[in-house]
Amino acid sequence: MFSYILKRLGQTILVLIGISLVTFILLQVVPGDPVQLMLEKRADPQTIAAVRHELGLDLPLTTQYFNFLKNALHFDFGVSYFSKEPVTAVLLRCFKVTLKLTCLSFIFAVVVGITCGIIAAIKRGTAIDSALMTLAMFGVSAPSFWIAIILQIIFGIKLNILPISGFDTPVAFILPSIALGARYAGDIARITRTSMLDVVKQDYIRTARAKGVKENLIIMKHALKNAMIPIITLVGTELGCMLTGSMLIERVFSVPGIGKLAVDAMTSRDLPLLEGTVVYIAFVFVMVNLIVDISYALFDPRIRYGKGNSK
Amino acid sequence: MKKNAKKVLALLLASTMLFAAAGCGKTEEAPVDGEQTTTTSTEGEKVFRVGAKDPKCVFDPNQYTYTHVFVVTDNVLESLIKPLNDGSLVPELLTEMPTLSEDMKTYSFELKEGVKFHNGEILTSNDVKYSYERLIKKQVMGSILSPVVGYQELVDGTATELAGFEIIDDTHFNIHLSDVYTPFMSALATPYAAIFPAKACEEAGDTWGRDVLIGTGYFTFDKYEQGVGVTLSKFDEHHDQVAKIDRVEYKFIEDDNTQVLEYQKGNLDYVEIQSTMYPVYSADPELKDQLVPFQPAGGFYILYNTKEMSDPRVREAFSISFDRNVICENVFHGTAAPSKSFIPAGLIGHDEEAEVYPYDPERAKQLLTEAGYPNGYDVRLTLNAAYPLDIPIATTIQEQAKAAGFNVTLDQVDSAAWGEMKLNGGMQACISSWYVDYNDPDSMLYPVSDGRTDYVSSFYHNDEFKQLMIDGVRTVDEAERHEIYKKAEHILTREDYAVSPVYNETKYSLVSPKVQNLDLGFTLRMFFGQVDIVEQ
């Protein structure tokens, strides 16, 4: 297992280098000059050249990239062109906000999703099943920004019981967490139901019932645990998505997280900030996938990593 | 393994919940439920809460020229001269307006005695010199001081000081110009020409405008939290009079709808609204009386790349191939008026007799035929994604211009790409906008084709126009200047059709009835020194 983790971490470094290189190349190809954006008015060629020199943008591309890579190895992604703040400090600040939002959205999505999925599977074919799956479909298909606005109007304006923007109090996170988590909760409910339905048909479940094991115990101990592998895969991917931010939700609720940061960095062509954000997002995805892969072994003893490999 | 798995899972879950709980810990004193915050705090403080957009940059007007920056800096920093809402100029940090020498090239200034910066330092001539040199060295808007002797040397790095700035003593100084430059006073009234304390600004380095911002304005710069907001506090030692309100709180909310919801909830006292929402809010019995209009000096226009659309007849044909009234009614619901001229009303050179461009597809077709395009003409209209309203405008133009023989294709790109394409000739025509920096036609016309430079994107060049622009800034007599700029604009928009004015927008804001004395300036500047909050 240890060697497997080491190998995956090695791969992670290669992935990060690859992604940073692709990002760097793409940014050279797409139109949009940060210097022209900075200067905006009266941007004459002489001034543009002077500022490009100041920012090191007149260096050969290979030199620029290797400078970036060299500094990135020390977790130094440079300074934002516009806010003049170290990129790592900006990333850390936004990450803290995103982490708070992610934790709450994740808990909401997992608790609601798995609960609804289990109930729907147990009550298969009933009105409860239909209602829950309709709700899940609604969560999946309704645009998150629309859910956000509806929540703002109902809970923020009509009932006036929750804040509609900001993130300075614990309750301020409730609406964004629900708006962000709704789609994931729907996904998890659907996969949980499907997975549970597969498992409950198995012989060992029938055997447990025949032995008189209580239904709650059968569902929670025998069925759910064996149905967890696909759920974990989905939950892991979704956790990665949440951790890399949700621009729409962050924008609607004025939450300065990673998603908004990434979009702002892109629109302003703030190259150091954009490179740092992309590397962060890639890192999160790779690490979450690694954790998911490792967790398989925890849920299914038949899965082993390392020499001789699996089953 | 089973037991281990359970332990690991339990630990993971507990950690997650702990993270969430810890992460959501109350960080500041703030309302813990959905209740609205109040304009006046329990201590009786008067707080003006402004819905704003995060400029995502430092609040340094020498470096960033965004309106979102000035809405803050205009209340912290001051320039030597201040523009009033009627366009007139008054001395701010000066005892009186500067006197001008006979050759009209030297301005003599006298600073008010004992003007204090927020850090307690006293304003001196040296601070003014430092601020102007910094403005030039930062390059972005330094060119407003280009008429000053020694400007180019400072830009080139062959000099370390601005030679044309002559310090006489702590409160007296002269500025020598290389030539007569009539809009100079207006240029000094811009936010770019704000005065900083030399020592503090130098010490702050890159943190200037982020962690530190010191001026002589009505409010001190207390806190800037990126993505969150800015807080200003009343400066008790202001040289003129102390502000009536204790604090200004700018709350950064990117989403326009959320801004209005916060306003409706009573958490904001001022928000700007989108024109498209005007019919909704003006029909709302609670909000309609709180809508405050203001008309900034500037407008939207079609800018042509005159290298690609080189025949003025084609540009003229395009100018009359769409109906501006339809755009103003359907897209702006009456909150915009068709432009009659490029120089807006209120500025020298505005042509009162000019008429709205006619919608005349037959004449347009005839012009295209005369230009050698009897079978029509392809136009690629590039839109800036930062302006969503450009889409309905452009689609209206696209549809209407068909009748004249124009086949219009629309490209939408983000701001960064748009700026580069515009400057480098990557677009054929685009919808662009401009609002004046200062109350002078020079400020309106230089982006289109500057008499002193040709760095603009339309690649427009006309020797007569260029000479008029040069004459305009060198002429002192207002009546003469009026004729010069009127003629220059006529050449630009009615002879060469380098730009086609489309509409002038009236902007609307929601202002709480508690807020008094809030004047919204035509140069998009907002000064809160006189604002008061009166509980209803």
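Note on naming: letters A, B, ... go to the chains in the order of the sequence lines (proteins, then strands), and numbering restarts at 1 for each one.
When heavy atoms are compared at a cutoff of 4.5 Å, A:Ile157 approaches chain B solely by way of its side chain, counted from C-beta outward. Contacts between A:Glu250 and chain B at a heavy-atom distance below 4.5 Å are absent for every atom of the residue. When heavy atoms are compared at a cutoff of 4.5 Å, A:Lys260 approaches chain B solely by way of its side chain, counted from C-beta outward. Contact of A:Ile149 with chain B is made through the side chain alone, with heavy-atom distances under 4.5 Å. Of the atoms belonging to A:Phe145, not a single heavy atom falls under 4.5 Å from chain B.
Using a 4.5 Å cut-off on side-chain heavy atoms (C-beta onward), B:Ser415 and A:Thr267 make no contact. Two residues are said to be in side-chain contact when any heavy atoms from C-beta on lie closer than 4.5 Å; A:Phe167 and B:Val228 meet this criterion. By the 4.5 Å heavy-atom criterion applied to side chains, A:Ser254 and B:Glu262 are not counted as neighbours. In this structure, the side chains of B:Glu254 and A:Val252 stay at 4.5 Å or more apart for every pair of heavy atoms.
Taking non-hydrogen atoms and a 4.5 Å limit, the residue list of residues 50-61 of chain B in contact with chain A, ordered by number, reads B:Lys56, B:Cys57, B:Val58.
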Side chains of residues 203-213 of chain B: which donor-acceptor pairs under 3.5 Å do they make with residues two or more places apart or in other chains?
residue	atom	partner	partner atom	Å
B:Thr207	OG1	B:Ala204	O	2.6
B:Arg210	NH1	A:Lys84	O	2.6

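The environment of B:Tyr387 atom OH is sparse: at most 12 non-hydrogen atoms of other residues, nucleotides or ligands sit within 6.0 angstrom.
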